[in-house]
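These notes are about the structure you will find just below.
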Amino acid sequence: MTENETTMGSNFITAIIETDLQANKNDGRLATRFPPEPNGYLHIGHAKSIFLNFGVANTYKGTCNLRFDDTNPSKEEVEYVDAIMEDVRWLGFDWDDRLHYASDYFVKLYDFAVRLIQAGKAYVDDLNADEIRKHRGTLTEPGKNSPWRNRSIEENLDLFQHMRAGAFEDGTRVLRAKIDMAHPNLIMRDPTLYRIRKTSHHRTGDQWCIYPMYDFTHCLSDSIEGITHSLCTLEFENNRPLYDWVLDNVDAPCHPRQIEFARLNLSYTVLSKRKLIQLVEEGRVSGWDDPRMPTICGLRRRGYPPAAIRNFCNRIGMAKRDSVVDVALLEYSVREYLNKRAPRVMGVLRPLKVVIENYPEGRVDELAAVNNPEDPAAGVRKVPFSREIYIERDDFMENPPKKFFRLGPGREVRLRYAFFVTCTDVIKDEKTGEVHELRCTYDPATRGGDAPDGRKVKATLHWVSAAHAVDAQVRLYDRLFDKANPDEKKAGKTYKDFINPDALEVLCGCKLEPCLAAAGPDYFCQFERMGYFCVDSKDSKPEALVFNRTVTLRDAWAKLKKKS
RNA sequence: UGGGGGAUCGUCUAAUGGUAGGACAGCGGACUCUGACUCCGCCAAUCAAGGUUCGAAUCCUUGUCCCUCAGCCA
């Protein structure tokens, strides 16, 4: 792990691991794996699993493999494989040479299946999917045996070989485990092990037309790789008896222990693959990497640092109960990290022109500004000041309410690192009444931002010199949904009805400090008093800068305004 | 309603028979050339009822509620 201040916090899984390690199980070895199916992009929920698996391996000097669970050729693509590897790496984890694919085990898996048949524990079923479902029974009624359940081992072997050879069409036959059609756990009612799929696979091409199912593949892949602790989410709890059954009934190299934990849910967010795909396909976002998306690539483009995501994963902990983590905790983690590292610059997002009437025309002051008050090593820069500047529209009110400390007619405020200025006149559009310029005077004695006479001012404003400003487009991002639980079933509404129309606001003609002219793809900073921003990795050009708002600063004033 | 799981401040999570703790959120204050940061304080929980025990979130009994499983998806 790089740049990580955190060690894995303790939880029920680390407790199990420590017990196993102390008991010298698996010769004191720890091996985990992160097993994504390459049929979509990784999201913050996967980050929790990645953090767990790699994190636990790191803290207990074990190993963590990356394994693609690619047993369904009709859903999986290389595009996803590449994206997943990029995302895991970006999150700060490394699998060294331990990159695996379940498809690499197809031959071994086939042999295991043959041995299962030879042991009389698997059979080829001629029932179709519909018939199998009807034989399965229900939650409360037992299932019925398939008429093909008692074929001879020889016939099963022959049929299975023919399945592999392509003698049968898709859906006409499957290989099933012979367990118990009356088992109270439906998963155990003769689960399907292999199905026929005459589809090319992204890695094995047309070598196979039968593909193993998850329950058969996963446990054996774990075993082949010598995994000691197989960590997965709660919905696989029902599958654990089958995981164990398969390993107990073939000559498996080892028997990993499966442990289930609760998947991550986040407020104001959806994390189901299906819904994320819909958002992309219906054009409700610009793509998988839209900065509003909870995907890893979306968060990356939004400017969320990987270390902040890791810290978040550590903070949310690990347990078995269903839970919904407040997205505010994620945002807190991002701010916490960025506060320490983001250089401070001034950027005026909604410019209001200010003319300093007693400041000489043509004159430019170079003022020293601190780059990062949290990091003295970041040093100081020069910022040009001149007669015409821009300030934030929200920093001026003609009729300020009680708690508004900023600029108003006749009021004096500080321009950060520059001078005290007093508003002397408000110039408005005659027709609309909209304020479009302010006239101020400045006090030359306050150069740098302090008054020699000790007088105080209630506000400090950020500003940019008009003549020196760099123009940019700024994209203000916010939560994608405006409802804490977008999945709440109510009055026929769906999560799509709760998409936040204000999750993206595009601002053009923003005025930035001249030092930002050279901001490249990986640049991030704090626009003082506005939030943390980063250069958009896709759309920003040197001559047309685009910034994304990563997250706002905490804003006590906004909170006050909201209350009244 | 069969099986498998789970219930601790608003949220997330600790405490494994011995003071229910932390974080986020919220509220209040201090500080401040960012209404930021930081610091301090406050608010606030063991699903319920019985039982065992000197002592129970923890052990037992009964009940309640929530999640999950009837893909040839993973």
Partner of [N] by Watson-Crick or G-U wobble geometry, both contacts under 3.5 Å, or none?
N	result
rA74(B)	none
rC65(B)	rG6(B)
rU46(B)	none
rG28(B)	rC40(B)
rU16(B)	none

[X] has a side chain; which of [options] sits nearest to it?
X	options	answer
Asn128(A)	rA23(B), rC72(B), rG2(B)	rC72(B)
Ile316(A)	rC12(B), rG28(B), rU68(B)	rC12(B)
Leu329(A)	rA74(B), rG2(B), rA23(B)	rA23(B)
Thr140(A)	rC73(B), rA25(B), rG2(B)	rG2(B)
Glu37(A)	rC72(B), rG71(B), rA74(B)	rA74(B)
Tyr332(A)	rG5(B), rA25(B), rU34(B)	rA25(B)
Asn185(A)	rA70(B), rU34(B), rG3(B)	rG3(B)
Lys320(A)	rU34(B), rG26(B), rG6(B)	rG6(B)

Interatomic distance, His202(A) atom NE2 to Ser103(A) atom OG [nearest 0.5 angstrom]: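 OG of Ser103(A) is found 5.5 Å from NE2 of His202(A).
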Regarding [N], can its base be found pairing with the side chain of [X] as donor and acceptor, where the two atoms are less than 3.5 Å apart?
X	N	answer
Gln526(A)	rU34(B)	yes
Arg554(A)	rG35(B)	no
Arg344(A)	rU34(B)	yes

Please confirm whether the backbone N or O of Asp180(A) pairs with a side-chain atom of Asp190(A), one donor and one acceptor, at under 3.5 Å?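 Side chain of Asp190(A) to backbone of Asp180(A): a pair is present.
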Whether Asp453(A) side chain and Arg455(A) backbone form a donor-acceptor pair below 3.5 Å: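 Flag set: sc Asp453(A) to bb Arg455(A) pair under 3.5 Å.
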With rounding to the closest Å, how many angstrom separate the C1' atoms on rG17(B) and rC43(B)?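 Between the two C1' atoms, the distance is 30 Å.
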What's the gap between rA36(B) and rG18(B) when it is taken at their P atoms, as a whole Å value?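 Here rA36(B) and rG18(B) have their P atoms 42 Å from each other.
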Cation-pi check, Arg479(A) onto Tyr268(A) ring (under 6.0 Å, within 45° of axis):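 Here Arg479(A) passes the 6.0 Å and 45° test against Tyr268(A).
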Looking at Tyr101(A), does the NZ or CZ of Arg203(A) lie under 6.0 angstrom from its six-membered ring centre and within 45 degrees of the ring axis?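 Verdict for Tyr101(A): a cation-pi partner in Arg203(A).
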Establish, with yes or no, whether the OP1 or OP2 oxygen of [N] is under 4.0 angstrom from a side-chain nitrogen or oxygen of [X].
X	N	answer
Thr71(A)	rA74(B)	yes
Arg136(A)	rG71(B)	yes
Arg321(A)	rU13(B)	yes
Lys559(A)	rC27(B)	yes

If you measure from the ring centre of Tyr214(A) to the centre of the six-membered ring in the base of rA74(B), is it under 5.5 Å, with the planes under 30° apart?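 Here Tyr214(A) fails the 5.5 Å or the 30° condition.
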Over 60° means perpendicular and under 30° means parallel, so classify the ring planes of Phe168(A) and His162(A), tilted if in between.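 Because their plane-to-plane angle lies in the 30° to 60° range, the rings of His162(A) and Phe168(A) count as tilted.
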